[in-house]
J.: 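Sharing a structure here in structure tokens format.
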Amino acid sequence: MKKKLFLRLTSLALALTLALGCAGCAAAPASGSGPASASAPASQPASEPAGEAEGLTLTDQAGRTVELAAPAETVVSGYYISTYAVLALGKADAIVGLEKKADTRSLYQMAAPELIEKPGVGTMKEMDVEAVAALEPDLVILPAALTDYADTLAELGIPALVVAPESHEALVEMIELLGKALGAEDAAAALTGYYDEQLERMAALTEGADKPTVYMASNSSYMSCAPAGMYQNYLVETAGGVNAASSLEGDYWTEVSYEDILAMAPEVIVVPSGAEYTAADVLADSQLAGVPAVENGAVYQMPAGLEEWDSPIPSGILGCLWLTSVLHPEEYPFETFTADAADFYQTFYGFAVDESLITK
């Protein structure tokens, strides 16, 4: 039920005129050709087989109701996290367009390099509706920041799902939603089932163990960190640690002073994979010399050549596992984690990861 390109470029009046004109032409089709006879019952068109499955009615993460005639076979994803999810669900071939700057995503280069050549249709701030319509997708997936575009696309007859994976629970909800929309419910169940298994495993591994205090630094500066309201707090707690900044309010990176960090006295400092500085920079800062993590050399940087595991992405579970191996090396050796990470990428993304990229 794709819409033709004239729907995005013409007015409703012109579209109606064209539709009426076509209806007149089809009033007396030649015998044995053309559309089904007008005498066929409206509730059971001759062109549809008896018992054809009904369409899908979905509720997206913005609370919008979205109707699909059938699971989408072609998709435009305007958000890298939803693109990652489509890949993890085994539907790379369905993607006909995606977010801009796809060539900066290491995962695409490893799992589906053909995506880099697909049309870039937008950013987190805007979307090129005309470019999307030209691709005639069955479905468009948008981040919450682009919710307004969902209604614009709907007016053109293009269904759009809004997703907002801002927490682990919301990530699972998004994966289940996309599984239904793409006809990949079994793949979605396998992925979310893997999460459940690993969460139970980490809880068992760290049960009764000491919980180190962890300072999760931001990408831009180690003088800002993750308060309790951020996903990174979930990562620390899941890995069997305590967030050094859990007393801070807010749900975004919070600036702190040297005095604050000294008072927090973190036993471990984590530098995210996308940081503009290195673990060596933290260790070399003389004003942090009295911090236990610095004194003991317990400053670790998440792997920089794969994905940002400290965010709610389909592979975010690897961030929890990685930190578990850092905080509890006796219970979960790093070598075991490396093998687990390699298995994850082979299972859900279909490629053999270069294990030299898995570092700490």
Side-chain angles (χ1 to χ4, degrees), residues 79-85 99-110 123-125 143-145 164-168 170-171 213-239 241-258 260-261 264 266-285 287-288 291 293-294 298-327 341 357-360:
Y79 187 27
Y80 77 96
I81 293 182
S82 58
T83 306
Y84 286 177
E99 75 281 358
K100 293 182 178 179
K101 297 184 178 180
D103 59 344
T104 66
R105 301 288 176 187
S106 298
L107 181 64
Y108 300 158
Q109 297 174 12
M110 293 181 282
T123 68
M124 285 292 289
K125 295 182 179 180
E166 299 300 327
S167 66
H168 176 74
L171 172 67
T213 304
V214 182
Y215 180 91
M216 290 290 299
S218 75
N219 284 330
S220 60
S221 168
Y222 53 82
M223 298 307 295
S224 61
C225 61
M230 291 187 72
Y231 174 80
Q232 285 77 2
N233 183 80
Y234 166 84
L235 188 156
V236 171
E237 293 182 346
T238 301
V242 175
N243 183 5
S246 61
S247 63
L248 299 179
E249 297 181 357
D251 57 3
Y252 197 68
W253 300 111
T254 302
E255 291 187 7
V256 293
S257 65
Y258 283 108
D260 291 330
I261 300 176
M264 291 178 188
E267 298 167 84
V268 175
I269 294 176
V270 175
V271 177
S273 59
E276 299 173 3
Y277 56 94
T278 66
D281 294 329
V282 178
L283 290 167
D285 191 331
Q287 297 189 72
L288 296 176
V291 175
V294 174
V299 179
Y300 303 93
Q301 181 155 14
M302 302 186 83
L306 291 164
E307 303 175 81
E308 295 187 358
W309 290 341
D310 64 320
S311 56
I313 57 179
S315 64
I317 190 70
L318 297 182
C320 296
L321 290 168
W322 177 88
L323 188 54
T324 300
S325 73
V326 168
L327 301 183
L357 297 174
I358 304 174
T359 60
K360 68 174 181 179

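Starting from 1, each residue takes its place in the sequence as its number.
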J.: With heavy-atom distances below 4.5 Å as the criterion, would you say the side chains of Ser106 and Leu306 are in contact?
T.: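 Result no, sub-4.5 Å side-chain heavy-atom pair not found.
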J.: Could you please spell out the steps behind the side chain to side chain contact (heavy atoms under 4.5 Å, CB included) verdict for Ile81 and Ser311?
T.: CA-CA 10 Å; Ile81 293 182; Ser311 56; 5.6 Å; no
J.: Partners of Tyr277 by side chain to side chain donor-acceptor pair (under 3.5 Å), sequence neighbours excluded?
T.: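 So Tyr277 forms no side chain to side chain donor-acceptor pair (under 3.5 Å) with any residue.
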J.: When you look at Tyr222 and Ile269, which way does the side chain to side chain contact (heavy atoms under 4.5 Å, CB included) test go after all the steps?
T.: CA-CA 9 Å; Tyr222 53 82; Ile269 294 176; 5.8 Å; no
J.: Quick one: does Glu276's side chain have a donor or acceptor within less than 3.5 Å of a partner on Ser221's backbone?
T.: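 Not a single qualifying donor-acceptor pair exists.
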J.: Does any non-hydrogen side-chain atom of Glu308 lie less than 4.5 Å from one of Pro272?
T.: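 The answer is no; the side chains never approach within 4.5 Å.
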J.: Distance check, rounded to the nearest 0.5 Å: His168 atom NE2 versus Tyr234 atom OH?
T.: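 Here the interatomic distance stands at 4.0 Å.
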J.: Locate the shortest heavy-atom distance separating Ala228 from Ser246; write the atom from each residue and the value.
T.: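 Closest heavy-atom pair between Ala228 and Ser246: CB-O, 3.4 Å.
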J.: Rounded at 0.5 Å granularity, tell me how far CH2 in Trp253 sits from CE in Met216.
T.: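 Result: 5.5 Å between the selected atoms.
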J.: Arg105 versus Tyr84: any side-chain heavy-atom pair under 4.5 Å?
T.: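 Yes - at least one pair of side-chain heavy atoms lies under 4.5 Å apart.
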J.: Once side-chain hydrogen bond (donor to acceptor under 3.5 Å, both in side chains) is applied, what residue pairs with a partner in residues 316-325 remain, sequence neighbours excluded?
T.: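 Qualifying pairs, neighbours excluded: none.
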J.: Of the non-hydrogen atoms in Met223 and Ser257, which two are nearest, and what is the gap between them?
T.: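 It is CE-C, 3.5 Å.
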J.: Taking all heavy atoms of Ala164 and all of Ala144, pick out the closest pair and write down the distance.
T.: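 Closest heavy-atom pair between Ala164 and Ala144: CB-CB, 4.1 Å.
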J.: Looking at every heavy atom in both Cys225 and Leu248, which two are closest together, and how far apart are they?
T.: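 In terms of heavy atoms, the two residues are closest at SG-CD1, 4.0 Å.
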J.: With a sphere of 6.0 Å drawn around CD of Glu255, does it hold more than 12 non-hydrogen atoms of other residues, nucleotides or ligands?
T.: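 No.
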J.: Among all residues two or more places apart in sequence or in another chain, which pass the side chain to side chain donor-acceptor pair (under 3.5 Å) test with Thr104?
T.: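 So Thr104 forms no side chain to side chain donor-acceptor pair (under 3.5 Å) with any residue.
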J.: Of all the heavy-atom pairs spanning Gly274 and Asn219, show the shortest one and how long it is.
T.: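 Smallest interatomic distance, heavy atoms only, reads C-OD1, 3.3 Å.
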J.: Give, for atom OH of Tyr231 and atom OG1 of Thr238, the distance between the pair rounded to the nearest 0.5 Å.
T.: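 Here the interatomic distance stands at 7.5 Å.
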J.: I need the Asp251 CG to Glu166 CD distance, nearest 0.5 Å.
T.: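 Reported to 0.5 Å precision, the distance equals 9.0 Å.
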J.: Looking at every non-hydrogen atom in both residues, tell me the closest pair between Met230 and Tyr252 and how far apart they are.
T.: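 Scanning both residues, the minimum pair turns out to be SD-C, 3.4 Å.
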J.: Go through the steps for Trp309 and Leu321 under the test side chain to side chain contact (heavy atoms under 4.5 Å, CB included), then give the verdict.
T.: CA-CA 10 Å; Trp309 290 341; Leu321 290 168; over 6 Å; no
J.: Measure the NZ-OH distance between Lys360 and Tyr300 for me, rounded to the nearest 0.5 Å.
T.: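 One finds 5.5 Å between NZ of Lys360 and OH of Tyr300.
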J.: Working to the nearest 0.5 angstrom, can you tell me the gap between Leu283 CG and Thr278 OG1?
T.: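 Rounded to the nearest 0.5 Å, the CG-OG1 separation comes to 8.0 Å.
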J.: One pair to check against side chain to side chain contact (heavy atoms under 4.5 Å, CB included): Asn243 and Glu237. What are the steps and the verdict?
T.: CA-CA 7 Å; Asn243 183 5; Glu237 293 182 346; 5.6 Å; no
J.: I'd like to know if the side chain of Gln232 and the backbone of Asp310 have a donor-acceptor N/O pair within less than 3.5 Å.
T.: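 Pair found, side chain donor or acceptor close to backbone of Asp310.
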